[in-house]
Q: 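Handing you this structure, nothing more for now.
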Amino acid sequence: MNKQSLLEWEAKHNAIKQTIDGFWSCFRKWRKEEKDDYHKTFYGKLYEEFISVHERAIYLKYTFSLEEAVIFCSVYIFYLEESIGTYDIEFTLDGQIADDYLDFGDVLLKDRILKIKHNLRIARNALKEGVEIRTISNITEIDSKYIQILKEKYC
């Protein structure tokens with residue numbers, strides 16, 4: 001399967017949209033049904049408004065032992081523009097979902113999450129003290145659009 005055929009397959013089956021929608025469904029279900037694991041993974045909760053999902057890859061995989069081909073569609077998961085994981089859906093060639101994989105297993109995830117949470121705490125405190133959004137953004141390196149959301153929703 002060449003690149004064009006793979007992209008045509010994706011368009012026909014809307015695989016990227018299915019993968020993004022699948023992530024949100026899987027993430028929300030996991031957060032609700034496995035609260036302890038969710039809180040342990042993220043050292044508390046995440047602001048859902050700060051999570052974004054971006055396409056990563058689509059590829060054909062043939063497994064010799066199973067003698068079948070599948071297509072994987074994969075997305076990156078970001079929290080405040082910091083990569084925190086991936087989500088993949090495995091499709092059969094006829095476009096049916098065979099399986100999905102949510103992965104926050106990066107060994108550096110803890111450091112990234114704790115740094116983000118620290119900067120969010122600083123931002124919230126600074127907003128309460130009346131510090132300007134631009135100044136907070138410069139200090140915390142958090143994009144001002146997220147600080148504006150913090151100000152409107154959480155302060």
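Nothing fancy with the numbering, it's 1 onward along the sequence. Here the structure is a predicted model, which means the values were calculated and not measured.
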Q: With the 4.5 Å side-chain cut-off for hydrophobic clustering, are Tyr87 and Val53 part of the same group?
A: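 They do share one cluster, since a chain of ILVMFWY contacts under 4.5 Å joins Tyr87 to Val53.
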
Q: Specify whether Trp30 and Phe27 have parallel, tilted or perpendicular ring planes, treating 30° as the upper limit for parallel and 60° as the lower limit for perpendicular.
A: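 Rings of Trp30 and Phe27: tilted, 30 to 60°.
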
Q: Could you tell me whether a side-chain N or O of Ser83 sits under 3.5 Å from a main-chain N or O of Phe78, the two making a donor and an acceptor?
A: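 Such a contact is absent between Ser83 side chain and Phe78 backbone.
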
Q: Is the number of heavy atoms from other residues, nucleotides or ligands under 6.0 Å of His54 NE2 greater than 12?
A: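 More than 12 heavy atoms, drawn from other residues, nucleotides or ligands, come within 6.0 Å of this atom.
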
Q: Are Ile71 and Ile20 linked, directly or through other ILVMFWY residues, by side chains that come within less than 4.5 angstrom of each other?
A: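 Linked, Ile71 and Ile20 end up in one cluster.
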
Q: Taking the side chain as every heavy atom from C-beta outward, state whether Leu102 and Ile77 have any atom pair closer than 4.5 Å.
A: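 The answer is yes, as the side chains (C-beta and beyond) meet within the 4.5 Å cut-off.
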
Q: Do Leu150 and Ile142 have side chains that get closer than 4.5 Å, going by heavy atoms?
A: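 No, side chains not in contact.
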
Q: If you measure from CD1 on Ile58 to CD1 on Ile16, what distance do you get to the nearest 0.5 Å?
A: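 Ile58 atom CD1 to Ile16 atom CD1 measures 6.0 Å (nearest 0.5 Å).
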
Q: May I ask you to decide if Thr140's main-chain N or O and Asn119's side chain share a donor-acceptor pair within less than 3.5 Å?
A: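 Confirmed, Asn119 side chain pairs with Thr140 backbone.
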
Q: Using a strict 4.0 Å threshold on nitrogen-to-oxygen distance, state whether Glu48 and Arg28 make a salt bridge.
A: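 Here Glu48 pairs with Arg28 in a salt bridge, since their nearest N and O are under 4.0 Å apart.
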
Q: Between Lys117 (side chain) and Lys45 (backbone), is there a donor-acceptor pair under 3.5 Å?
A: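 Here the side-chain-to-backbone pair exists.
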
Q: Between Leu60 and Trp9, is there a side-chain heavy-atom distance shorter than 4.5 Å?
A: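 Of all side-chain heavy-atom pairs linking Leu60 with Trp9, none is under 4.5 Å.
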
Q: Shared ILVMFWY cluster between Leu93 and Ile89, side chains joined below 4.5 angstrom?
A: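 Same hydrophobic cluster.
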
Q: Can you sort out the partners of Lys153 under side-chain contact (heavy atoms from CB on, under 4.5 Å), two or more places apart, ordered by chain and number?
A: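 Once residues adjacent in sequence are excluded, the partners of Lys153 under the side-chain contact (heavy atoms from CB on, under 4.5 Å) criterion are Glu49, Ile149.
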
Q: What's the separation between atom CG in Asp103 and atom CD1 in Ile84, rounded to the nearest 0.5 Å?
A: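 That separation rounds to 11.0 Å.
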
Q: Do Asp36 and Lys40 meet the salt-bridge criterion of a basic N to acidic O distance under 4.0 Å?
A: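 Looking at Lys40 and Asp36, the cut-off is not met.
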
Q: Is Lys115 close to Glu141 at the side-chain level, that is, under 4.5 Å between some pair of heavy atoms?
A: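 With C-beta onward as the side chain, the pair touches.
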
Q: Apply side-chain contact (heavy atoms from CB on, under 4.5 Å) to residues Ile51 and Trp24 and explain how you reach the verdict.
A: CA-CA 10 Å; Ile51 299 172; Trp24 284 111; 3.6 Å; yes

Q: Rounded to the nearest 0.5 Å, how far apart are NZ of Lys145 and OG of Ser137?
A: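 The distance works out to 11.0 Å.
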
Q: CZ/Phe104 to OH/Tyr38 distance, rounded to the nearest 0.5 angstrom?
A: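 Here the rounded value is 9.0 Å.
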
Q: Do Thr19 and Glu55 touch side chain to side chain, with heavy atoms closer than 4.5 Å?
A: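 They are not in side-chain contact.
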
Q: Would you say Leu114 ends up clustered with Leu46 if hydrophobic residues are merged whenever their side chains have heavy atoms under 4.5 Å apart, either directly or through other cluster members?
A: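 Yes, one cluster joins them.
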
Q: Between Tyr43 and Leu80, is there a shared hydrophobic cluster once you connect ILVMFWY residues whose side-chain heavy atoms come closer than 4.5 Å?
A: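 Result: yes, single cluster for both.
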
Q: With under 30° as parallel and over 60° as perpendicular, where do the rings of Tyr47 and Phe50 fit, or are they tilted in between?
A: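 Ring orientation, 0 to 90° scale: perpendicular.
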
Q: Does Gln148 reach the main-chain N or O of Ile133 with its side chain, forming a donor-acceptor pair under 3.5 Å?
A: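 The answer is no, because no donor-acceptor pair under 3.5 Å joins these two groups.
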
Q: Quick one, Ser5 with Asn2, criterion side chain to side chain donor-acceptor pair (under 3.5 Å). Give me CA distance, side-chain angles, the key distance, then yes/no.
A: CA-CA 5 Å; Ser5 298; Asn2 64 28; 3.0 Å; yes

Q: Going from OG on Ser52 to CZ on Phe23, what distance comes out if it is rounded to the nearest 0.5 angstrom?
A: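 The distance works out to 9.0 Å.
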
Q: Give a yes or no answer on whether the side chain of Gln18 reaches the backbone of His13 with a donor-acceptor pair at less than 3.5 Å.
A: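 Judged by distance alone, yes, a pair lies under 3.5 Å.
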
Q: Any chance you could measure Ser144, atom OG, to Glu132, atom CD, to the nearest 0.5 Å?
A: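 Output value for this atom pair is 12.0 Å.
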
Q: My understanding is that only residues two or more places apart in sequence, or in another chain, count here; which of them pass ring pair (Phe, Tyr, Trp, His ring centres under 6.0 Å) with Tyr79?
A: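 Scan of Tyr79 (ring pair (Phe, Tyr, Trp, His ring centres under 6.0 Å), adjacent residues dropped) gives none.
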
